[in-house]
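Written below as structure tokens is the structure these notes are about.
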Amino acid sequence: MAGFFSLLRRLYLSVYNWAVFIGWAQVLFLAIRTLRESGHQHVYNAVEKPLQLAQTAAVLEILHSLVGLVRSPISATLPQIGSRLYVLWPILHSFPEVRTHFFVSSLVISWSITEIIRYSFFGTKEALGAAPSWLMWLRYSTFLLLYPTGISSEVGLIYLALPYIKKSEKYCVRMPNTWNFSFDNFYAAILVLGIYVPGSPHMYTYMLGQRKKALSKSKRD
């Protein structure tokens, strides 16, 4: 019975990883084609639907971590996925004014290359039991460049959205109301920016540790 559940787990995770890989490959293809043909101002419109689908699918990874399907700690999974979903929905989806900025292109390219490598790495591991050394190297090395560019783009887009958040008061809740509760989306966005200050170096240090551990193990094997 344990062997059956192990096989079922591997099958599910393999299908999940390769399905999301295809989504991110589509995002990257559309982004590069649009950059070449139309310019960065049109990238968001070209990738909007597949980007939303591929990134939102990552919510399942929080569940995978919680129930023990994968070994990734929730403390690392939740902040990374949460920050991306924040940029995707409350920022890009909600404030069209920032969609034409070049930060969108750098964001989409950084995210998509990272995820194409990551999902193909884990998809190969689940399907075949191991990934080739070159793919492992890419998985644990490309973030050295792509994480800073991705994070910088996330922070840049949130910052650019601040005037529009303040002016529109979208998603704000003012008192008095039935729930006796207030929420200011502008200050929430500033709080999120503040979290990036300690959070980004912490995540980068964590990934450096994971890289050292994974590549050291690869050399021993």
Side-chain angles (χ1 to χ4, degrees), residues 2-3 5-25 27-28 54-88 106-155 192-221:
F5 282 116
S6 176
L7 178 62
L8 196 62
R9 170 195 166 277
R10 286 184 60 184
L11 178 61
Y12 164 73
L13 289 175
S14 180
V15 170
Y16 168 79
N17 281 295
W18 285 112
V20 184
F21 163 85
I22 291 170
W24 281 110
V27 170
L28 181 61
Q55 186 54 64
T56 305
V59 170
L60 287 173
E61 293 178 39
I62 298 173
L63 181 62
H64 297 165
S65 182
L66 285 172
V67 302
L69 274 181
V70 297
R71 288 182 293 178
S72 301
I74 191 66
S75 59
T77 304
L78 185 59
Q80 186 168 2
I81 294 174
S83 63
R84 286 187 173 198
L85 290 175
Y86 179 81
V87 173
L88 180 66
S106 58
L107 178 88
V108 168
I109 291 173
S110 297
W111 282 6
S112 57
I113 293 175
T114 297
E115 298 300 49
I116 285 169
I117 294 169
R118 186 168 73 92
Y119 284 110
S120 62
F121 172 76
F122 287 116
T124 303
K125 279 189 70 176
E126 296 298 340
L128 304 179
S133 57
W134 63 267
L135 187 53
M136 175 176 282
W137 185 88
L138 286 175
R139 163 72 181 100
Y140 289 102
S141 299
T142 51
F143 80 89
L144 294 169
L145 172 64
L146 295 175
Y147 185 79
T149 58
I151 286 291
S152 298
S153 302
E154 292 174 31
V155 170
V192 171
L193 284 175
I195 293 172
Y196 271 92
V197 176
S200 300
H202 172 75
M203 284 300 300
Y204 197 71
T205 302
Y206 169 78
M207 289 188 292
L208 284 173
Q210 292 295 103
R211 179 180 190 272
K212 183 178 180 180
K213 187 186 304 182
L215 296 186
S216 296
K217 184 177 183 300
S218 177
K219 288 179 181 178
R220 290 197 301 271
D221 295 342

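Residue numbers run from 1 in the order of the sequence given. Predicted model, so just to flag it, every value in this text is computed and none were measured.
For residues 145-155, there are no salt bridge (charged side-chain N to carboxylate O under 4.0 Å, His left out) pairs, not counting sequence neighbours.
Taking the side-chain contact (heavy atoms from CB on, under 4.5 Å) definition, one finds that Glu61 meets it with Tyr16, Ala58, His64, Thr77, Ile81, Arg118, Tyr119, sequence neighbours left out. With sequence neighbours excluded, the residues forming a side-chain contact (heavy atoms from CB on, under 4.5 Å) with Val67 are Leu63, Leu69, listed by chain and number. Residues satisfying the side-chain contact (heavy atoms from CB on, under 4.5 Å) test with Leu193, not counting sequence neighbours, are Val155, Ile158, Leu162. Scanning for side-chain contact (heavy atoms from CB on, under 4.5 Å) contacts around Pro73 gives Ser75, Ala76, Tyr206, with sequence neighbours left out. In this structure Arg9 satisfies the salt bridge (Lys or Arg N to Asp or Glu O under 4.0 Å) test together with Glu126, sequence neighbours excluded. Shown here are the ring-ring contact (aromatic ring centres under 6.0 Å, His included) partners of Tyr196, two or more places apart in sequence or in another chain: there are none. Legend: residues meeting ring-ring contact (aromatic ring centres under 6.0 Å, His included) with Phe122, ordered by chain and number and at least two apart, are absent. Applying the side-chain hydrogen bond (donor to acceptor under 3.5 Å, both in side chains) criterion to Tyr204, with sequence neighbours excluded, gives no partner residue. Residues forming a side-chain hydrogen bond (donor to acceptor under 3.5 Å, both in side chains) with Arg84 (at least two apart in sequence, or on another chain): Gln55, Glu115. Every side-chain hydrogen bond (donor to acceptor under 3.5 Å, both in side chains) that Thr149 has, sequence neighbours left out, goes to Ser110. Under the rule for a side-chain hydrogen bond (donor to acceptor under 3.5 Å, both in side chains), the partners of Ser141 that lie at least two apart in sequence or sit in another chain are Trp137, Arg211.
Residue Leu128 holds its CG atom at 8.0 Å from OG of Ser14, rounded to the nearest 0.5 Å. Atoms CD1 and CG, on Ile113 and Leu146 in that order, are 5.5 Å from each other to the nearest 0.5 Å. Rounding to the nearest 0.5 Å places CG of Leu8 at 9.5 Å from CG of Leu13. Distance check: Ser112 OG to Phe21 CZ gives 11.0 Å after rounding to the nearest 0.5 Å. Between Trp111 atom CH2 and Ile116 atom CD1 the span is 14.0 Å, to the nearest 0.5 Å. One finds the OG atom of Ser83 at 9.5 Å from the CG atom of Leu78 (value rounded to the nearest 0.5 Å).
Closest approach of Ile74 to Pro79, counting heavy atoms only: O-CD, 3.8 Å. Phe143 and Tyr140 get closest at one heavy-atom pair: CE2-O, 3.1 Å. For the residue pair Ser152 and Pro148, the shortest heavy atom distance occurs at OG-O, 2.7 Å.
Leu144 is listed as a side-chain neighbour of Leu208, based on a closest heavy-atom distance under 4.5 Å. By the 4.5 Å heavy-atom criterion applied to side chains, Trp18 and Thr124 are counted as neighbours. Within the 4.5 Å cutoff, the side chain of Thr114 has no heavy atoms near those of the Thr142 side chain.
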